[in-house]
2 protein chains.
Amino acid sequence: MPAPERTSTEQVVTEARRILEQRGADGLTMQAVASAVGVRAPSLYKRVAGRDDLLRLALEATALEVGDRVDRALAGAPADARGALGAVADATREYAAEAPVAFGLLFGPLPDAARPRTEVLASASAAVLALGRRLAGPDHELAAARTITAWMTGFIGMQHAGAFRLSGDVEEAWRFGVEALGAALEARRC
Amino acid sequence: MPAPERTSTEQVVTEARRILEQRGADGLTMQAVASAVGVRAPSLYKRVAGRDDLLRLALEATALEVGDRVDRALAGAPADARGALGAVADATREYAAEAPVAFGLLFGPLPDAARPRTEVLASASAAVLALGRRLAGPDHELAAARTITAWMTGFIGMQHAGAFRLSGDVEEAWRFGVEALGAALEARRC
DNA sequence: ACCTGAACACCGTTCAAGT
DNA sequence: ACCTGAACACCGTTCAAGT
């Protein structure tokens, strides 16, 4: 005797991401998600293996969206490599401002079951890898891409953690970093 | 009628940090800490306001220890600014390897009550501020310090999140970043 | 003054029973 | 085939009662 589906994995993940941003990581409970999609908590286990699995799906969706945003920003970016770096960095930072909780969790300490799979992270950062090659040349493409990603995610994390609250111009520090990194990576090209 | 103290705030925080690293953030429960220090969970509320408050104390202790390590590394570092940057970066990364969970949480999304106070983060990063001045000069000291901290914490976070798992030499990427940043920041001095 | 057991509201998760 | 209520083990937190 079939029973009608009252929700879908997609809707479950969408609501999970909304709740994550609105109520924080602690607010992401199975009951909150269930009530948002109109079922009871046990029904969610037909769609996901558990809370950590649901968190992983939410974070992977976030990672893929970051990748999309970066791709789109690159399409409309200046032709020079340093201009492209600025476009990638700004697009990433803008996205992070829209989904700060998920973005912050992406590179933080997580239970294994909640950790985004490496392939998903890799596919989401393919554009940054190409940017590393444009800036620093093929010999240093991976190291350059990692330097860029590390700086961006670190800066954004510090900003949302309030580490910049006391003083100084955050925008200026961001532009300073973009320009310093762009110059440094180009100088390493061989 | 006084009752003897069976534990202390210091011991509670020490055990909380140990449990945090051994069992992860989810493993840090009031009951686990209470049993480690030899009392029942409700007794912990004589020492801390709640779980988030205890987490904050643990993270602040971690931040101060990072600062100590960096200070000591600087004392034995080469006299040139770029050598000092390498010493600071390596000391930070070594400490993060010893306490990856706490270090990763430090700049991640946290409930307000668990977030380390800005003054504590600032005092722990005073040495990096001085390093920023040595590298980039007084006009850019804050922006340079933020660039350094952002890159270090981002890199370390990515490493522990497993973002580097697939390929490439992580050590090479780290040294590449240190050298690129050192050169870039020195070039901005005026 | 600190510690405790008992209690409360809430979790994640399992599972037999419904349709 | 999916959904549900009931149940279980576990949380954080409060508080009256013990010493």
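Residue numbers begin at 1 in each chain, while the letters A, B, ... track the order of the sequences.
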If Ile, Leu, Val, Met, Phe, Trp and Tyr residues are connected whenever their side-chain heavy atoms lie under 4.5 Å apart, and connections chain through other members, are Tyr95(A) and Val13(A) in the same group?
yes
Would you confirm whether Glu21(B), through its side chain, and Val101(B), through its main-chain N or O, come within 3.5 Å as a donor-acceptor pair?
yes
At less than 4.0 Å, is any side-chain N or O atom of Arg40(B) found next to OP1 or OP2 of dC2(C)? Yes or no.
no
Under 4.0 Å between a Lys/Arg side-chain N and an Asp/Glu carboxylate O for Arg69(B) and Glu94(B)?
no
Glu5(A), nearest nucleotide to its side chain (from dT4(C), dC2(D), dC2(C)):
dC2(D)
May I ask you to decide if Ala114(B)'s main-chain N or O and Arg51(B)'s side chain share a donor-acceptor pair within less than 3.5 Å?
no
Can Arg56(A) and Asp53(A) be counted as an ion pair, charged N to O under 4.0 angstrom?
yes
Does the distance from a Lys or Arg side-chain N to an Asp or Glu carboxylate O, for Glu172(A) and Arg146(B), drop under 4.0 Å?
no
Of Phe164(B), Phe176(B), Phe103(B), the one forming a ring pair (Phe, Tyr, Trp, His ring centres under 6.0 Å) with Phe155(B) is Phe164(B)
Distance check needed: dT19(C) C1' versus Lys46(A) NZ, whole Å only.
14 Å
When you measure from the side-chain N and O atoms of Arg47(A) to the phosphate of dC2(D), is any distance below 4.0 Å, counting only OP1 and OP2?
no
In dot-bracket notation, what is the pairing pattern of DNA chain D, taking Watson-Crick (N1-N3 plus N6-O4 or O6-N4) and G-U wobble (N1-O2 and O6-N3) contacts under 3.5 Å, with [ ] crossing and | for other strands?
||.|||||...|||||.||
Counting only side-chain N and O atoms of Ser43(B), is one of them less than 4.0 Å from OP1 or OP2 of dC2(C)?
no
Taking NZ, NE, NH1 and NH2 as the nitrogens, is one of them in Arg115(B) or Asp112(B) under 4.0 Å from a carboxylate oxygen of the other?
yes
Letter per nucleotide, 5' to 3', of nucleotides 8-17 of chain D [B base touched, S only sugar-phosphate touched, - untouched; heavy atoms, 4.0 Å]
---BSBBB--
